[in-house]
Peer 1: 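Here you go, one structure.
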Amino acid sequence: MSRYNVKETEAKWQTAWEQQGCFTAVDDASRPKYYVLEMFPYPSGRIHMGHVRNYTIGDVIARHKRAKGFNVLHPMGWDAFGLPAENAALEKKVHPAVWTRENIATMRGQLKTMGLSIDWGRELATCDVEYYRHEQKMFLDFLREGLAYRKESWVNWDPVDNTVLANEQVIDGRGWRTGALVEKRKLSQWFLKITAFADELLDALKGLDRWPDRVRIMQENWIGRSTGLRFRFRLSGRDDGLEVFTTRPDTLFGASFAAISPNHPLAQELAAGNPVLAEFIAECSRVGTSEEAIETQEKRGYDTGLRVVHPFDESWALPVYVANFVLMEYGTGAIFGCPAHDQRDLDFANKYRLPVRPVVIPADTDPAAFVVEGEAYTGPGVLRNSRFLDGLDAESAKDEVGRRMEEMGQGERTTVYRLRDWGVSRQRYWGCPIPVIHCPSCGVVPVPESDLPVVLPEDVTFDKPGNPLDHHPTWKHTRCPTCGGVATRETDTFDTFIESSWYFARFCSPRVEDQAFTRSSVDYWLPVDQYIGGIEHAVLHLLYSRFWTRALSQCGYMELPEPFAGLFTQGMVNHETYKDARTGGWLSPADVAKSESGALLRVDDGGPVTVGRVEKMSKSKKNVVDPAAIIGTYGADAARLFMLSDSPPERDLEWTEAGIDGAWRYINRLWRMVTEPPVALPGADETMTGPFSDRGNATRRLIHKTIAGMSDDLEKFRFNKAVARIRELTNALGEIDGSGEGEGWVLREGYETAVRLIGPMMPHLAEELWQRLGGSGLLADQPWPEADPALAVDDEITVAVQVNGKLRATIALPRDAAKDVAEAAALGDSNVVKALDGKPVRKVIVVPNRVINVVV
RNA sequence: GCCCCAAUGGCGGAACUGGUAGACGCGGCAGACUCAAAAUCUGUUGCCCGAAAGGGCGUGCUGGUUCGAUUCCGGCUUGGGGCACCA
């Protein structure tokens with residue numbers, strides 16, 4: 001029995017594909033294109049199982065589309081700027097550039113062992129000046145178009161390290177390295193006007209019909225377009241007013257307080273003369289900048305003593321609080337609180353003993369008996385206790401209040417968005433320099449295009465906290481392009497989401513030097529036909545890319561409404577967790593083995609191990625399996641097969657030893673089957689002739705059903721079903737010993753089909769078997785098999801017969817049998833007669849080719 | 001806190017648009033081959049009653065719509081993703 005030599009075989013075909021330039025994409029307007037793109041990896045050091053899953057899925061699609069005749073673009077690059085490289089610099093004393101480039105070299109080598117059909121000639125890294133110089137130009141164009149501007153905004157500040165912290169570096173309100181209480185600081189920063197496209201970004205979601213619904217819903221909610229009323233309260237005892245925004249003007253007569261954000265100018269003004277309020281605002285600023293931190297904290301407020309006058313009742317005053325749950329970024333930074341109909345307002349009112357007055361009463365409820373205590377009522381209803389609104393439904397009441405406010409000139413109906421402009425300044429080293437100069441006399445001056453690129457200097461040190469660009473002896477010192485005087489460069493760098501907002505376009509012409517991409521290449525290749533990545537990018541990365549595409553189009557770079565026509569979001573790769581039963585410390589799967597009794601023990605000292613939950617593979621829980629080790633042992637095809645088997649790709653997948661073993665066994669089974677057939681196969685160049693044994697005919701039906709089914713499965717990303725189907729076919733082919741009439745032919749057809757169908761999933765094994773079956777050329781260049789429609793459907797169908805919805809029998813009927821024929825056959829079945837027990841038949845429902853339900 | 005998603009045998013999952021629940025795989029059990037083991041192959045395997053034929057129950061919980069619900073609707077529970085400076 002010969003053995004399948006994975007190592008040799010996989011290396012052999014990888015070399016063959018590379019030498020023949022199989023996957024090199026060439027612009028060719030005469031052919032239909034297909035652009036497959038997986039989200040490019042951050043070069044963290046080594047590839048992980050999430051990458052293996054992502055790139056396996058993408059490669060199956062790319063190879064399938066190639067076989068279907070498309071001109072496929074399938075590139076790879078590196079999202080190479082970012083925080084981890086700077087952390088490595090601090091922790092391991094290695095320069096971010098060195099660390100990043102070494103990681104890229106390692107990961108490129110690892111990816112190449114996966115046998116992906118990638119055009120490596122288009123590889124790019126975003127930390128290379130050849131890449132980021134173009135986004136500096138784009139930024140200057142955005143500036144010119146009014147899409148970029150400066151404003152003050154808040155950052156997390158570590159007062160010990162004197163450093164700006166990312167949200168993930170703030171743990172329970174403290175800096176991750178120093179443990180110091182984090183403060184909020186105001187800095188002048190660059191913003192991109194994504195809100196200018198809010199309506200477009202929202203409305204265009206409808207057209208993204210090959211995106212998952214949940215991603216579209218998440219983006220819709222993120223943009224958060226809502227219509228409401230902006231109006232002005234009169235402040236008693238003051239000349240100015242307080243402008244608030246509400247989406248519930250109907251509840252105005254249920255108001256019991258007004259609240260402003262701690263960052264509201266009025267709060268700042270009052271704090272100047274009020275140390276207690278100043279302290280309260282300072283406390284609020286100690287919570288981080290993230291919305292999560294703000295929304296989950298206990299709702300607290302400070303009564304300013306100010307009162308606002310109810311717009312429809314001069315004698316009605318409401319207290320004004322500074323409240324920690326009011327966001328300055330949304331609406332006007334001030335609200336009125338109606339506790340009965342808003343949960344946050346109710347929690348607040350209960351804490352500060354403010355009145356709770358229901359004004360929207362659900363239909364069929366006695367208004368006198370309707371009380372709101374712990375839970376706010378946010379459903380529909382009829383207005384009560386609301387003077388001129390009484391009796392109206394909530395929607396009409398909103399209109400009525402809006403109309404009257406507009407009449408009085410005290411407010412206006414308006415649309416607001418939850419979406420905020422995109423802050424792109426980062427006080428970090430390892431990123432693209434922002435191409436502006438600060439001049440003491442001219443202010444902020446853009447770097448002239450002729451002076452681009454602004455190159456990130458690599459001769460920096462990390463011995464002091466803060467941004468190394470600030471400490472660099474010469475880099476930031478320059479001359480003002482306008483007046484020629486002494487000036488300094490901006491030392492902030494761009495948010496790394498910028499690099500990932502246009503890399504898909506750069507892949508279209510990655511080597512062009514004087515522009516970001518050629519117009520003809522993006523006109524041909526874009527949009528990306530199928531984009532694949534994790535659901536964690538559902539909002540930010542995808543929304544920024546959609547914005548960037550529009551901004552580039554506005555600046556004349558291209559004419560493209562949407563960057564990604566199709567999107568697929570894959571699930572995570574999980575693994576069981578293990579702990580040392582004595583110390584409670586996490587153990588890696590490699591440190592744990594099953595004993596003869598079946599218990600899990602430590603490999604090194606035989607100590608007891610407790611098994612924890614199945615969780616996302618993470619370094620902190622040590623439940624990681626290294627893909628390189630798996631590929632080294634079982635080969636890329638086994639790893640790829642396991643990634644596609646069992647779990648549907650959008651769901652989480654649990655990595656198990658048993659699963660990879662199963663994939664490995666299947667590969668060897670297929671190898672043996674094709675290389676050691678039970679009878680000599682007819683030659684590859686002979687023409688197939690019948691007749692065939694009954695078993696042969698049945699198998700041929702299955703072969704063609706498998707082609708049809710698998711083609712459909714691949715189009716719909718049902719890779720787990722595709723794997724099940726190919727296994728079913730393999731099982732059936734294994735039943736044939738070749739003794740029946742024409743069975744040699746059936747085996748040849750079956751083996752060839754199976755090999756071609758597994759091509760996208762297990763390309764190395766498929767290529768090797770294709771060669772051994774005498775196939776011509778590379779399998780990678782072969783067209784996808786076509787199903788014979790006459791063989792792909794059954795003539796006879798098993799139909800279920802139910803009595804009152806319960807299954808009582810199954811009967812065999814010809815395909816598409818007439819209703820009366822089906823009904824007669826069903827009623828004649830002995831089990832059905834028995835179940836009917838002589839009762840009169842009231843109705844018979846016949847669903848052709850599926851079910852017959854007899855109702856008695 | 002807010003937004004989004006998921007839940008089916010011992011396990012991963014299948015079931016097309018509301019029409020035979022459990023395809024395919026893993027694991028288990030029994031057998032073949034072997035001195036033995038591994039590998040491989042064959043049979044069997046949702047749970048309960050039954051010798052069998054067959055019957056009852058069963059898709060996280062709970063209520064509804066329907067001739068018929070894993071699938072649609074209402075209310076929960078548990079787990080996961082995102083929340084604007086992780087990528």
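Residue numbering restarts at 1 for every chain, and letters A, B, ... go by the order of the sequence lines.
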Peer 1: Does A:Lys299 make a cation-pi contact with A:Phe348 (under 6.0 Å, within 45 degrees of the axis)?
Peer 2: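 The answer is no, since A:Lys299 fails at least one limit relative to A:Phe348.
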
Peer 1: Hey, is the side chain of A:Thr496 poking within less than 4.0 Å of OP1 or OP2 on B:A87, counting only N and O atoms?
Peer 2: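 Affirmative; the distance criterion is met.
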
Peer 1: Which value, in whole Å, describes the distance between the P atoms of nucleotides B:U44 and B:A52?
Peer 2: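 Between the two P atoms, the distance is 15 Å.
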
Peer 1: Distance between the C1' atoms of B:C61 and B:A6, in whole angstroms?
Peer 2: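 Those two atoms are separated by 15 Å.
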
Peer 1: Under 3.5 Å, is there a donor on one side chain and an acceptor on the other for A:Ser647 and A:Asp652?
Peer 2: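 Side-chain D/A pair, A:Ser647 to A:Asp652: absent.
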
Peer 1: Got a donor-acceptor pair under 3.5 Å from the side chain of A:Glu292 to the base of B:C2?
Peer 2: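 Under the 3.5 Å cut-off, the side chain and the base do not form any donor-acceptor pair.
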
Peer 1: Among side-chain atoms of A:Asn731 and A:Glu735, is any donor-acceptor pair under 3.5 angstrom?
Peer 2: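 The criterion, which ignores hydrogens and geometry beyond distance, is not satisfied for A:Glu735 and A:Asn731.
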
Peer 1: Ignoring hydrogens and geometry beyond distance, is a side-chain donor-acceptor pair present between A:Glu615 and A:Asn574 at under 3.5 Å?
Peer 2: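 No, A:Asn574 and A:Glu615 have no side-chain donor paired with an acceptor closer than 3.5 Å.
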
Peer 1: Between protein and nucleotides 47-73 of chain B, map the contacts as a letter string: B base, S sugar-phosphate only, - none, heavy atoms under 4.0 Å, written 5' to 3'.
Peer 2: --------SSS---------BS-----

Peer 1: For the side chain of A:Val851, starting at C-beta, report the closest nucleotide among B:G19, B:G13, B:C85.
Peer 2: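 So the nucleotide nearest the side chain must be B:G19.
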
Peer 1: Would you measure the distance from the P atom in B:A53 across to the matching atom in B:A7 and give it in whole Å?
Peer 2: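 To the nearest whole Å, 34 Å.
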
Peer 1: State whether A:Arg248 and A:Asp342 are salt-bridged, where the test is any N-O pair (Lys NZ or Arg NE/NH1/NH2 against Asp/Glu carboxylate O) under 4.0 Å.
Peer 2: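 So A:Arg248 does not pair with A:Asp342 through a salt bridge.
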
Peer 1: Base contacts versus sugar-phosphate-only contacts with protein, heavy atoms under 4.0 Å: please encode nucleotides 24-30 of chain B as B, S and - from 5' to 3'.
Peer 2: SSSS---

